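Following: one structure in structure tokens, then a few remarks.
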Amino acid sequence: MKNYLLISLILFFSQTKAQFFKKDNGLAHTFSIVARDEKTGEIAVGVQSHWFSVGTSVSWAEAGVGAVATQSFTNKSFGIRGLTLLKEGKTAQQALDILLSDDPGKEVRQVGIVDAKGNVANFTGKNCVDFAGDLKGKNYAIQSNMMLTKEVPEAMAKSFEANAQLPLAERVLEALKAAQKVGGDIRGKQSAAILVVKGEATGKPWDDNHLVDLRVDDHADPLAEMERLLKTHRAYEHMNNGDLAIENNNMTLAMQEYGAAMKMFPKNLEMQYWTAITLANGGNVQKAALMLQAIYAKEPNWRKMTRRLPKVGLLTVGEKELMLLLK
């Protein structure tokens, strides 16, 4: 009898795997949120799972269109087709209905969709592994399966609503952390992803339509690593703003932006270096020289960099000042 049951289970799983688990899809038992920021129009999807590189299969988003999370027995086509349907003018619910209408494996699927207007829809197939559930709120939808407890969707919703003052990426991260706090994936944790796009597309693919695009593919504590990466991302946003200010010859704004970045990561040598170069270009050579000496002591190659900058116009000081900066 035991052998018969074992053989039956193997056959059932083999048939299920053959039908639903294709090489180009995959498993992603996980928790996720798709959301829109009512103030900015930004659209996001965030996810964590005990599965390698979850961001390559679960999370999909396009500026001015919407976001899709496809999980459990993942169907990657739901991401691509879902966004296409939204772009055609379908609402989140209409797009979801169409995706499920011709899917023989829908009972092992879990999907969440948000469109650019904030309409949301989600679905949990009856054969998703417990604890599995979903929840919808204003401008967001939450999905979870194979959870340790039933509390995950509600914990995520409460967190998302309570952190409305945060930027969307940080708000999504807090919701993911809330899920983990009440148990998260019964198997543990391995990877995470956060993708945030603009509420309106610029029509120019090179124009940063992806505002945040971060993945942790394999880590013992993916959300802690995601938090570090997101903080780093924000710091480099300040650095980029500083560079743009220099381009526009606004040295005051450049120093403000570089200062904000250094405040977040005071030990980052690159942030210190370009702040020093900006000081030198602004006439504060003595202070710049002191900063550079400390940087050179930790990494001598930055001195070589300084020698190369005058040639391309990134360091605009006289020969005497340059010698002081190279000490």
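If you read the sequence from its start, that first residue is 1, and numbering goes on from there. Since we're looking at a predicted model, the values are computed, not measured.
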Item to check | More than 12 heavy atoms from other groups under 6.0 Å of CD on Glu200 | outcome: no

Next on the checklist: Under a 3.5 Å distance rule, please check whether Thr70 uses its side chain to pair with a backbone N or O of Val111 as donor and acceptor.
Outcome noted: no

Checklist entry - Is there any salt bridge (charged side-chain N to carboxylate O under 4.0 Å, His left out) pair reaching into residues 41-70, and which pairs are they, with sequence neighbours excluded? => result Glu62-Lys87

Checklist outcome for this item: Taken in chain and number order and not counting sequence neighbours, the residues that satisfy salt bridge (charged side-chain N to carboxylate O under 4.0 Å, His left out) with Lys177 are Glu174, Glu227

Checklist entry - Can you pull the side-chain hydrogen bond (donor to acceptor under 3.5 Å, both in side chains) pairs that have at least one residue in residues 114-125, sequence neighbours excluded? => result Gln110-Thr124, Asp115-Asn119, Asn122-Gln143, Thr124-Asp134

Checklist entry - Are any of the side-chain nitrogens in Arg228 or Asp221 under 4.0 Å away from the carboxylate oxygens of its partner? => result no

Checklist entry - Does NZ in Lys263 sit with more than 12 non-hydrogen atoms of other residues, nucleotides or ligands closer than 6.0 Å? => result no

Next on the checklist: Tell me which pairs pass salt bridge (charged side-chain N to carboxylate O under 4.0 Å, His left out) where either residue lies in residues 136-157, with sequence neighbours left out.
Outcome noted: Glu38-Lys138, Glu154-Lys158

Checklist entry - From Leu85 CG over to Asp97 CG, what is the distance, rounded to the nearest 0.5 angstrom? => result 10.5 Å

Checklist entry - Hey, does Ser72 have a side-chain heavy atom less than 4.5 Å from the side chain of Arg109? => result no

Checklist entry - Just by modelled atom types, is the Ser57 backbone N or O under 3.5 Å from a matching donor or acceptor in the Trp60 side chain? => result yes

Checklist entry - Between the side chain of Arg303 and the main-chain N/O of Leu326, is any donor-acceptor distance below 3.5 Å? => result yes

Item to check | Residues which pass side-chain hydrogen bond (donor to acceptor under 3.5 Å, both in side chains) with His238, listed by chain and number, not counting sequence neighbours | outcome: Glu257

Item to check | Sub-4.5 Å side-chain heavy-atom contact between Leu176 and Gln180 | outcome: no

Checklist entry - Does His210 have any side-chain hydrogen bond (donor to acceptor under 3.5 Å, both in side chains) partners at least two apart in sequence or in another chain, and if so, which? => result none

